[in-house]
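Every chain is numbered from 1 and lettered A, B, ... according to where its sequence line falls, protein lines coming before strand lines. Both backbone and side-chain heavy atoms feed into the values below; hydrogens, waters and symmetry mates do not.
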Amino acid sequence: MELKYRALEGMHDVLPEQSHLWQYVESRWREHCRRYGYREIRTPILETAELFERSVGETSDIVSKEMYVFQRGEERYAMKPEGTAPVVRAYLEHGLYGAGGVHKLYYITPFFRGERPQRGRYRQAHQFGAEILGAAHPLADAELLAMVMDFFLTLGLTPDALELRLNTIGCPECRPAYREAVRNFGHENYTQLCKNCQARLERNPLRILDCKECADITDSAPPIDPYLCDACRTHFESLQNLLKTLEVAYVRDVRLVRGLDYYTRTTFEVIAEQGLGAQNALCGGGRYDGLVAELGGPPTPALGVGIGVERTLLTLQAMQAPLPEPRPIDAYVVAFGEAARPVALKLAQQLRAAQLAAELDLEARSPKAQMRLANRSGARYAILIGDAELQQQNATIKDLQTHEQSVVSQAELSEWIKNHL
RNA sequence: GGGAUCGUAGCUCAGUCGGUUAGAGCGCCUGACUGUGGCUCAGGAGGUCGUGGGUUCGAGUCCCAUCGGUCCCCCCA
């Protein structure tokens, strides 16, 4: 069959075979966030394009070549390419900072990037996000990292399947000097850098550090540590001590710079050792102490994380972490003969009213076909209604595992099944 | 944006050196068993071989183009 319409490149349907797995990780994420004191925020898919140009950065790859932007009337819109900027926008728009204290917000959102798809990378993907707004202390960084690792572990991944990579990229106080140092290093080795990195040297020199192609050259690039200001150094040391206290394992990755412009100080990602192919980052995040002010709000320290839902699922499957089976229905109502069909429908409604999951054949098929459907439905019980049952106002209940049959009055049907499940 | 690779039934695939009505397994439907599922047996439905063009007496098979999937670079969740 030739398909007239298909899902767009890089966009995927989640079919019933898979959707229960999505429901599973989503409910785990919600429960996890609740335990850590987060509340949910939901923001629109569309924002003004400018929001992301200001926050993620006009020169970033995400904004400059991957964002879905379209114009309607005067306004330029963008499909959200990431989750943080909309949350910060909402935080400001609704004056949440006015309530004082720290705001911990979580979300589950689709996001859109026009890249060429590959394993673990899609044009519409989904992300579990968590943001902490108003917390400057490294306690917040430590709690966020611990929460993320805790999440993966409670899903059944083992510590050796994961690697937390941690870095600091300084702040507006100290980063300029470091950026100059990296730029100088780049110019000294200019001819050995790839074309991409030669261009980066002007716009965003730190990005040459996480270019794989130039890794051999940038291995000898200056480290940031001597350039960090006292506040940034103290923050980073304090965070590392807290992680040791919490026994959260990590590796320092001095090349971890990340592609979103708003990050300051802490940056991190979690790598899955197996299951993801080339796109092996399960999550990424960091601190963005300047972003709230950049978007017009009061100076507000903040940090957050985005976890790839598809990548998490791929990893869970590859690592054979325990995953739930879809839940079958409780009972399948079978009608023998035309007169029984309306009664079967009514009994199904009765079961549903009693919180039981019930189904029946909707095509008026033969008894044999209905039994086959009952079997295939995975239901524990088939409820058989024929002339005899109609006469007696009862129902024959067949246990599809043991083949045992019982007869109960129609009025007591729900109660009987509840007691026997 | 660059590259690799693969497109045959709903799914997984076979199809010889180019040869006649394109096959298998699974799944689906019906029956054996007229009020009883799974197992077995018998039968059945389902394919313009991704699409378009070319070579040839003849193309699923060879050539070209094109579309689509997957994966890789890049980038990132």
Side-chain angles (χ1 to χ4, degrees), chain A residues 1-12 15 17 56 60-67 80-84 108-129 148 194-197 200 207 210-214 256-260 267 269-272 276-285 304-315 332 334-340 361 363 365-390 396-405:
Chain A
M1 177 174 49
E2 193 183 340
L3 292 175
K4 195 168 181 186
Y5 302 107
R6 44 172 67 234
L8 295 173
E9 183 178 8
M11 312 239 172
H12 295 280
L15 299 177
E17 256 175 47
V56 177
S60 68
D61 286 0
I62 291 175
V63 167
S64 64
K65 42 190 215 196
E66 295 166 5
M67 197 158 69
K80 62 165 97 164
E82 61 103 42
T84 299
I108 301 176
T109 185
F111 65 99
F112 303 85
R113 294 183 194 172
E115 306 173 276
R116 184 135 322 161
Q118 70 190 80
R119 184 173 183 80
R121 189 178 75 177
Y122 312 104
R123 290 188 171 181
Q124 174 174 340
H126 301 264
Q127 163 172 107
F128 296 143
V148 167
C194 71
K195 277 186 184 162
N196 220 332
C197 283
R200 282 174 176 140
R207 300 279 301 145
D210 67 1
C211 175
K212 287 170 198 160
E213 202 174 331
C214 301
L256 183 55
V257 170
R258 308 201 56 75
L260 289 75
T267 59
E269 54 188 37
V270 176
I271 302 300
L276 284 181
Q279 308 301 313
N280 64 349
L282 274 175
C283 76
V305 64
I307 300 174
V309 178
E310 287 85 352
R311 291 183 183 184
T312 299
L313 283 169
L314 284 169
T315 305
Y332 196 101
V334 173
F336 292 140
E338 291 310 311
D361 157 50
E363 294 175 286
R365 311 224 301 181
S366 71
K368 184 182 174 63
Q370 289 184 63
M371 286 303 291
R372 197 159 48 229
L373 293 173
N375 183 55
R376 204 179 301 154
S377 75
R380 176 70 189 277
Y381 296 105
I383 313 300
L384 313 182
I385 307 296
D387 291 341
E389 287 83 358
L390 288 178
T396 299
I397 301 174
K398 178 165 188 173
D399 185 321
L400 292 172
Q401 288 170 20
T402 65
H403 317 269
E404 282 171 38
Q405 296 199 170

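- For the pair A:R116 and B:rU70, the criterion of a side-chain N or O lying under 4.0 Å from OP1 or OP2 is not met.
- In this entry the distance linking CG of A:D361 with P of B:rC29 reads 11 Å, nearest Å.
- Evaluation of atom-type donor-acceptor distances gives a pair under 3.5 Å for the side chain of A:R311 against the base of B:rC76.
- Here the nucleotide nearest the side chain of A:R376, chosen from B:rC74, B:rU36, B:rC29, is B:rC29.
- Between B:rG15 and B:rA24, the two P atoms lie 15 Å apart (nearest whole Å).
- Within the 4.0 angstrom heavy-atom criterion, only backbone atoms of the sugar-phosphate kind lie near A:E66; the bases stay farther away.
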### Query
Using Watson-Crick and G-U wobble pairs with both distances under 3.5 Å, what is the 5'-to-3' dot-bracket string of RNA chain B, with [ ] for crossing pairs and | for pairs outside the strand?
(((((((..((((.....[...)))).(((((.......))))).....(((((..]....))))))))))))....
#### Entry: Check against side-chain contact (heavy atoms from CB on, under 4.5 Å), A:Q401 and A:R380
CA-CA 7 Å; A:Q401 288 170 20; A:R380 176 70 189 277; 3.2 Å; yes
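- Looking at A:E269 and A:N280, their side chains never come closer than 4.5 Å, going by heavy atoms from C-beta outward.
- Judged by distance alone with a 3.5 Å cut-off, no donor-acceptor contact links the side chain of A:E115 to the base of B:rG1.
- Of the two residues contacting RNA chain B, namely A:L8 and A:C283, the nearest-nucleotide position lying further toward the 5' end is that of A:L8.
- Remark: the backbone N or O of A:L276 is not paired with any side-chain donor or acceptor of A:R311 at under 3.5 angstrom.
- Using a 4.0 Å heavy-atom cutoff across all strands shown, A:A340 reaches no nucleic acid atom at all.
- Atom CG in A:L390 sits about 12 Å away from atom C1' in B:rG35, given to the nearest Å.
- Of the residues in residues 117-127 of chain A, those placing a heavy atom less than 4.0 Å from an atom of RNA chain B are A:P117, A:Q118, A:R119, A:G120, A:R121, A:Y122, A:A125, A:Q127, in numerical order.
- A distance of about 13 Å separates the P atoms of B:rG44 and B:rG25, rounded to the whole Å.
- For the residue pair A:Q127 and A:V309, the shortest heavy atom distance occurs at N-CG2, 3.7 Å.
- Between the CZ atom of A:F128 and the C1' atom of B:rC76 there is a distance of 18 Å, given to the nearest Å.
- For the pair A:K368 and B:rG37, the criterion of a side-chain N or O lying under 4.0 Å from OP1 or OP2 is met.
- Separating the C1' atom of B:rC28 from that of B:rU70 is a span of 28 Å, rounded to the nearest Å.
- For the pair A:R113/A:R123, no side-chain contact is recorded, criterion being any heavy-atom separation below 4.5 Å from C-beta on.
- Between the CE atom of A:M371 and the C1' atom of B:rU34 there is a distance of 16 Å, given to the nearest Å.
- As a whole-Å value, the separation of A:K195 NZ from B:rG2 C1' is 13 Å.
- Using P as the reference atom, B:rG69 and B:rC57 are 38 Å apart when rounded to the nearest Å.
- Contact annotation for A:L373: no contact, since no heavy-atom pair falls under 4.0 Å across all strands.
- Of the side-chain N and O atoms in A:R113, none sit less than 4.0 angstrom from OP1 or OP2 of B:rC74.
- Atoms CZ and CE, on A:F112 and A:M11 in that order, are 6.0 Å from each other to the nearest 0.5 Å.
- Separation of the P atoms belonging to B:rU48 and B:rU30 is 24 Å when rounded to the nearest angstrom.
- Here the separation of B:rA45 from B:rG31, taken at their C1' atoms, is 15 Å to the nearest Å.
- Considering only the side chain of A:F336, B:rG35 comes nearest among B:rC74, B:rC76, B:rG35.
- Distances shorter than 4.0 Å separate some side-chain N or O of A:R365 from OP1 or OP2 on B:rC29.
- To the nearest 0.5 Å, atom OH of residue A:Y332 and atom CG of residue A:D361 are 5.0 Å apart.
- At a threshold of 4.0 angstrom between heavy atoms, the contacts of A:G306 are confined to the sugar-phosphate backbone, with no base atom among them.
- At distances below 3.5 Å, at least one donor-acceptor pair connects side-chain atoms of A:E310 with backbone N or O atoms of A:H126.
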Scan nucleotides 66-68 of chain B against the protein and return all N/O pairs shorter than 3.5 Å with their distances rounded to 0.1 Å.
residue	atom	partner	partner atom	Å
B:rG68	O2'	A:R6	NH1	2.9

### Message
Set out, in order, the CA-CA distance, both residues' side-chain angles and the distance that settles side-chain contact (heavy atoms from CB on, under 4.5 Å) for A:E115 and A:R121, then state yes or no.
### Response
CA-CA 8 Å; A:E115 306 173 276; A:R121 189 178 75 177; 3.4 Å; yes
### Query
Passes side-chain contact (heavy atoms from CB on, under 4.5 Å), A:C283 versus A:V148? Steps please.
CA-CA 9 Å; A:C283 76; A:V148 167; 3.8 Å; yes
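- Distance alone, capped at 3.5 Å, places no donor-acceptor pair between the A:T109 side chain and the A:G83 backbone.
- Atom CZ in A:R380 sits roughly 22 Å away from atom P in B:rU36 (whole-Å rounding).
- Taking the C1' atoms as reference points, B:rC64 lies 16 Å from B:rU56, given to the whole Å.
- Note on A:E389: a base of the nucleic acid sits closer than 4.0 angstrom, heavy atoms only.
- Side-chain N or O atoms of A:R365 include none that pairs as donor or acceptor with a backbone N or O of A:Q370 at under 3.5 Å.
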### Task
Might you work through the ring-ring contact (aromatic ring centres under 6.0 Å, His included) test for A:Y122 and A:H12, ending with a clear yes or no?
CA-CA 8 Å; A:Y122 312 104; A:H12 295 280; 5.2 Å; yes
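- Nearest-nucleotide mapping onto RNA chain B: of A:N280 and A:G277, the residue sitting toward the 5' end is A:G277.
- Between B:rU12 and B:rU21, the two C1' atoms lie 25 Å apart (nearest whole Å).
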### Message
Quick one, A:I271 with A:L282, criterion side-chain contact (heavy atoms from CB on, under 4.5 Å). Give me CA distance, side-chain angles, the key distance, then yes/no.
### Response
CA-CA 6 Å; A:I271 302 300; A:L282 274 175; over 6 Å; no
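- In this structure, CD of A:E17 is placed 12 Å from C1' of B:rG27, rounded to the nearest angstrom.
- Going from atom CZ of A:R372 over to atom P of B:rC33 covers 16 Å, rounded to whole Å.
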